[in-house]
Each structure stands twice: as C-alpha cells, then as structure tokens.
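As the structure lists them, so they are numbered: ligands from 1, and atoms in each ligand from 1. All values below were derived from every heavy atom in this structure, side-chain atoms included, with hydrogens, water molecules and symmetry-related copies excluded.
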Amino acid sequence: MQMGKQRAGRIEWRRLLLALPFAAVLAACSTVPEATRAPAPATPSEAATATAHVQQRRDWHFAADGVTFSNRLESARLNDVRRLGAGDYAVTIAPEIVPINPSPWYGFTVSAEAERPLRIEFRYRDGKARYWPKLSRDGKRWHAATPEQFAEGEQGTALTVDAGPQPLHVFAQPPIGIGAFADWGNALVERGVARRSVIGESERDRPLHMLALGNPDAREVLLVLGRQHPPETTGTQALMGFVDELAADSPLARDFRERTLVIVVPLLNPDGVVEGNWRGNINGQDLNRDWGPFTQSETRAVRDLLERELDDKGRRLAFAIDFHSTWSDVFYTVEEAPSRRPGGVLRRWIDDMQQRYPGRIRESASPSGNSAVFKNWAFRQYRAPTVTYEVGDKTGSEQLHELATFAADSVMRILLDATPPTGPAGAP
Ligand SMILES: [Zn+2]
C-alpha cells in the first residue's frame, strides 16, 4: 500500500526484521484455518522484538470545510486524515505492529460546523477491508452504513455520510469496552449470582477481572475466557449471552451452579480494547499465541489463577471455552482430545449445536502440538475438553443471543449428565 513507507519512522526496523520469521505465528484465528497454522516458536521472546506503535490521540481540524476528525475516545483507531478536496477525505487505519493478522479495526468521530455531506476514503495499512462501517450519533444506538453509503472504489472503500455539529461515530463494530463489561458484571454481582475479583493487571496496569458463579466448594470447574483479540466484539456478545444463561434463575442453571464452579475472565485484553488494536495487547503481542511462553502479564494472570483454583485445590477442569470472532462460526478443537470421541463431552456438545443449527457451525480440529493458543495449552495442561468458539463477525445480536443461550443450556445438561453429584468425576 502506498502509505507503507511512512511506517519506517514509527517501527524499529532492525528489530522488526528479527521478528519476520515469526510472521506465521501471527496468522489469524480469523483468516487461516487453525490446522494450517505454524506452531508457536520455541523461543517466543524473539517474536516480541518488534516495537508496538501506540496511536497518537488527537483531532484533525480542516478549516476549509469546518470539519474535525477525532480519535480521542475509547476503542478509537485513526492514524491519519488527509483532505483530498472539498468535503473529500482519506483516513489511514494502521495496525499496532507488523506483521499482523489483517483485521483492520477502526473507530473515530467526525463532525462539521454546518451540516454537509462528506466522502471518506478508507486506506488500510497492512490490511484490507474487513468491517462494514457502523454509525452512531450518540455512541449507544448503532446502525450499519447502507450499501449506498459504503462502496468499493478504485482506491479502496469509501463512506459517504452527512456530518454536522454532533459528532458522528464511525466504528468497525459497535464497540464493547471497559464500561460495558463493568455494567454487565455489576448486574450479575448485584443479583447475587456472581462474585467479582481481580486476578492481576494488564501490561498497562488495568485490572483483570474475574467473575465466579456457582458453588465455591465444587470440584468441577467450567472456565469461560474472552476478548483476547480487541476487534472481536461478537465473541463478547456471545460470551455475555452464554454466561447470562449459566446465571439464569432456571432449574437447570441452579442445579448446574450447585455442582459447578464457573470462572469467567471476560476481558483478557483491556489495553488492546481501549487502544483500538487490531490484534495484540499494548505491547503488540497476540495473547492467543502466548500460552506457554507467558511473556505477557495477561496470560500469566490466568495461568496463575488456574494454578490456584485447580492445581492447589484439587479441582478438575470440566470444560473450557474461549470466545472469539471471525468471518463465520467455527469450533476449533484439539484433535487428540478424548472428549471429541463419540460419547465424550465435547462431541456431544458440538453434535448438539450442529443438530440445532444445521450447517451453521463447522468444527475444525488440529493437534495441540506445541501451539501457544489457549485451548491447546489448556488441553495439554489439564487434559480437559477445550474449544475456541469463533462467532461470525456478521452474526446479528438476536441470533447471537439465541446461539449462546442454547450453547450454555447444552453444556450444562451435558456436564450435569457426565458428572454424578456424589461420585467421582467421570473420565472426560
Ligand atoms: Zn480471535
């Protein structure tokens, strides 16, 4: 891309070149079937030598049109703005580090002193368009740009909007940030169904929260993990729907919570979410390639939590689910997991989901190998059923909620069935 040369001033190239052999490690959960990915490097510290670029928070004011762009809000990402002509602009969206999974997240506001139409061309550095723009006047109610507003042009994609004095929010997806997680967790805590604690801090010293549901003395643990990757907001919606169902005041959920401890770490990458990163944490590190190396405080916090709650207390990990988003719905599983075989917990759950939603969610299994993806590490460490649940980027809120609710009901039924209340835990 034509903006590529400008990168040189912001990235330490000598160090970056050292990291290039590890480009494959940064391949997406989003674009490459997991089975084809290269395993994590044996010496991952070398992959951390590229320097992450933190975007400058600022306004871009263009007096000729009375137009202002801004990235001074949470989850915003906007790296440059150029005026091409009257009412005609180009915005540059750049990743936090290269090489990177091409998931160009963006977010900014645009306003004009007097109502006027604007054309905004999107220019992505190190990536191509993935997210259809979502628009909002108040940052709360969102709608997708219409096909008339957003189209592929010769130089990329361009959005046409009516700008005015009230800033228009233009985001890759409706953002779900720190405040939304807090509100959601507060509601569960206030209902008395969840207990909240801090398990550690992010690399930028933000608290990493955990919610615990169910019986604190239970031997069985269901682990729910989310938002390792900042743009993956549909995964967060699914996680919230899933946990809400576990927390429901239904006979099934009450019975399940009586016999299980549910541990939820819903936001593992708060720094990346605040920064509007495409993939990594504040250091540009892909957290879902750090399970094993544990170079980052976020992954270490969960590793240590599991040591305390599982190893030290003699509990068993009954099931672990890590929510993500990608182009379509996929379950990534571990090929050698016994629970994938007929009669196993994971097989029954996936069969249940696929029978309920035929053709909707495919399973992609691969060997756990020495991969530093969470589910592979968790399988090797705890021999538990583990799954990465990739939710489609474009799956609508209502369908997400229905899928997540069914997924939770199914996992509760299967785990209750697999674990007699008085006997020892069954083999997975
Ligand atoms: Zn992901």
* For the rings on Phe294 and Trp377, is their centre-to-centre separation under 6.0 Å? -> yes
* Please name the atom of His229, restricted to N, O or S, that is closest to the Zn ion (ligand 1). => ND1
* Asked: Within Glu232, is some N, O or S atom less than 2.8 Å away from the Zn ion (ligand 1)?
  -> yes
* Would you check if there is a donor-acceptor pair between the side chains of Thr234 and Gln173 at a distance under 3.5 Å? => no
* To do: Tell me which N, O or S atom of His324 sits nearest to the Zn ion (ligand 1).
  => ND1
* Asked: Can we call the ring centroids of Tyr106 and Phe171 under 6.0 Å apart?
  -> no
* Sidechain N-carboxylate O distance under 4.0 Å for Glu201, Arg300 -> no
